[in-house]
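Excluded from the calculations below are hydrogen atoms, water molecules and symmetry mates; all remaining heavy atoms, backbone and side chain alike, are included. Letters A, B, ... are given to chains in the order of the sequence lines, protein chains preceding strands, and every chain is numbered from 1.
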There are 2 protein chains.
Amino acid sequence: MSDVARAAGVSAATVSRALRGEPGVSEATRRYVTEVAKRMRYAIARDASSLAGGRRYAIAVLTGDVGRGDLLAGAEGALRQAGFDVLLYVLGDEGSRSGFFEDVPLGRRVDGVLALSITLAESESAALAELGVPVLTVDDGDLRSALRLAVGHLIDLGHRDIALVLAVGVDESYDEVLVAQGLEIRPEWTLWSSPTVVGGEQVADALLDGERLPTAVISASGEVALGVFMRLRRDGRRIPEDLSLVSLDGQDLTRAVGITAVEGALREEGEQAVAELLGSIRGDGESSVHELSWQLAVRESTGRA
Amino acid sequence: MSDVARAAGVSAATVSRALRGEPGVSEATRRYVTEVAKRMRYAIARDASSLAGGRRYAIAVLTGDVGRGDLLAGAEGALRQAGFDVLLYVLGDEGSRSGFFEDVPLGRRVDGVLALSITLAESESAALAELGVPVLTVDDGDLRSALRLAVGHLIDLGHRDIALVLAVGVDESYDEVLVAQGLEIRPEWTLWSSPTVVGGEQVADALLDGERLPTAVISASGEVALGVFMRLRRDGRRIPEDLSLVSLDGQDLTRAVGITAVEGALREEGEQAVAELLGSIRGDGESSVHELSWQLAVRESTGRA
DNA sequence: CTGTTAGCGCTTTCAG
DNA sequence: CTGAAAGCGCTAACAG
């Protein structure tokens, strides 16, 4: 920096102010210094800058699963544009996750934390809170609201007989969502399946064995939806003419196959989450939660009842 | 750090040495200092450390597409374990990519660069080279070698009549790979398709329209393989009894559906790439290329001819 | 093996 | 609006 200062005939302090857009420099000086710096290919050293200035210009991004890639991509883009470094931590498997939280390696290194596609345990949140910087958690959102969207779409298409396939282990009841929209519940049309294509095929078999076929199926898992899709087609059923199908998950899969699905605008949500976090950093420093909101991607697997 | 030094009754220099595992401290002192530091929840400030020490302990990870998530996850894990920060840059769309290379924002900030799932243009490589740190590019590997693996597997199963589906736009010939393994080439069994499920279905139709069906199909794309799979099954063909199917890509898709595929051990390759890069950083500082190597994941879509 | 002494390259008062 | 000076929190010789 002092080289640039010398070349521009000013002091280092002025170069610093000029390059960072700080007030207190005449426009002419700023322009000139900026130009000299560019010519000399000079860029401020982040380490020294944050050491001296106390700012860090870095955000830690925690993610459970790199699968939801677009969320990450959106966040990264927005952060880079805002001049922040992205320190990535993939906390997918238990080992790396506990290793991370055991001794959170972020002390005095980041201005904030963004937790994507990861549900933090109480103790984990506490560990992050100790950093003293805002934490923004992007919550995967409510299955209930996703379901509402799917049901609404099917009802609009005239469906009344809707089966719901949940993940095994889910013991919560979602009947109310259907009931709230005026549907009758038939117990045999609530099914559980492991989140695999094979599971979906079995579900389809079960459905076909029933005394009456629903006119639509909603699956919580994309893999299951695909299994149902393939099994029904192999059985000669047409989709969507004979049966409509909606998935509540599995963005990539459902898009590839053309299955109507509830999904998030992940990239945009990532950007938005960053905006919230940066706002908090500049503002009250509060931690918060960003709820992912769902949208319906209507594709070829749904039609009139 | 001086607080810790005082509390431990030593100098700051000793604390520094002890905490970083530098030689020149007695084991007893190191243990004691470490303990005091932990008790005081002290961690070395990276900024100050790298400013003073000249080391940076950070690697820039460039990735074109977060899709190949496991590569990234593997690399991140290995880097974290080695004590390096991961600065992530997602260079998916043209805008962010050119923005990045226009003014590579990494000067004096990283010890090395890891380029994953991204093919660097000449000028981009040059821009990175200017950083003066090693660059390790992970190359997606050769379609030819992936194909060789698939063909070998099918030949082992007794197949001689193999169709190959390439991406539209690929004008290179891969006949030699088949010929080298003693197969005869039938021109009508080389097909081109857009990398979509629908494209795959069309390919299947074309195959079914032909005068003779091959006993096996190799598809360069996972989506296409899925399309072929679904179309054939709907047509009443059994897979693998009537026809075997291998995909050269589409890890997630093919795994979900149970299609035999050539794939990389992405997580492990990511770790390995990191090892190579760190080696170069500590060693000759040379940039290099890590070729992804392929493996065959045999699933239910292939069987004896 | 340990302490002392200079910086690392910036930013920030405080004067001018 | 600009410059001089004093650190930011560490590490790296250099002594002892």
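- Proximity of a side-chain donor or acceptor of B:D111 to a complementary backbone N or O of B:Y57 within less than 3.5 Å is detected.
- Taking the side chain as every heavy atom from C-beta outward, A:L278 and A:L79 approach each other to under 4.5 Å.
- Applying the side-chain hydrogen bond (donor to acceptor under 3.5 Å, both in side chains) definition to pairs two or more places apart or across chains, those involving residues 122-136 of chain B are A:R41-B:E130, B:R97-B:E124.
- Counting only heavy atoms from C-beta outward, the side chains of B:E286 and B:P134 never approach each other to under 4.5 Å.
- No side-chain donor-acceptor contact under 3.5 Å links B:R39 to the backbone of B:E35.
- Read 5' to 3', the first and last nucleotides of DNA chain C with an atom closer than 4.0 Å to a heavy atom of chain A are C:dG9 to C:dT13.
- Using a distance-only test at 3.5 Å, with no hydrogens or angles considered, a donor-acceptor pair links the side chain of B:W294 to the main chain of B:D142.
- Judged by distance alone, with hydrogens and angles left aside, the side-chain atoms of A:E271 form no donor-acceptor pair with the main-chain N or O of A:A78 at under 3.5 Å.
- Closest of all the heavy-atom pairs between B:D139 and B:E291 is OD1-OE1, 3.8 Å.
- DNA chain D is contacted by B:A13, B:S16, B:R17, B:R20 of residues 9-33 of chain B, taking any non-hydrogen atom closer than 4.0 Å.
- B:R109 has its side chain out of reach of B:L131: every pair of non-hydrogen atoms, C-beta onward, lies at least 4.5 Å apart.
- Residues of residues 44-59 of chain A having a heavy atom closer than 4.0 Å to DNA chain D, listed by number: A:L51, A:A52.
- Residues A:S293 and A:E269 bring a donor and an acceptor atom of their side chains to less than 3.5 Å of each other.
- Taking 4.0 Å as the cutoff to heavy atoms of chain A, we find the contact window on DNA chain D bounded by D:dC1 to D:dC10.
- Side-chain contact of B:S26 with B:R30: a donor-acceptor pair under 3.5 Å is absent, judged by distance alone.
- Side-chain atoms of A:S221 come within 3.5 Å of backbone N or O of A:E223 as a donor-acceptor pair.
- A:T29 places no side-chain N or O within 3.5 Å of a backbone atom of A:V25 that could act as its donor or acceptor partner.
- Between B:T63 atom OG1 and A:E76 atom CD the span is 10.0 Å, to the nearest 0.5 Å.
- Remark: the backbone N or O of A:R56 is not paired with any side-chain donor or acceptor of A:S50 at under 3.5 angstrom.
- Comparing the end axes of the helix from C:dC1-D:dG16 to C:dG16-D:dC1, each fitted to five base pairs by superposing C1' atoms of four pairs onto the next four, gives an inter-axis angle of 30° (nearest 10 degrees).
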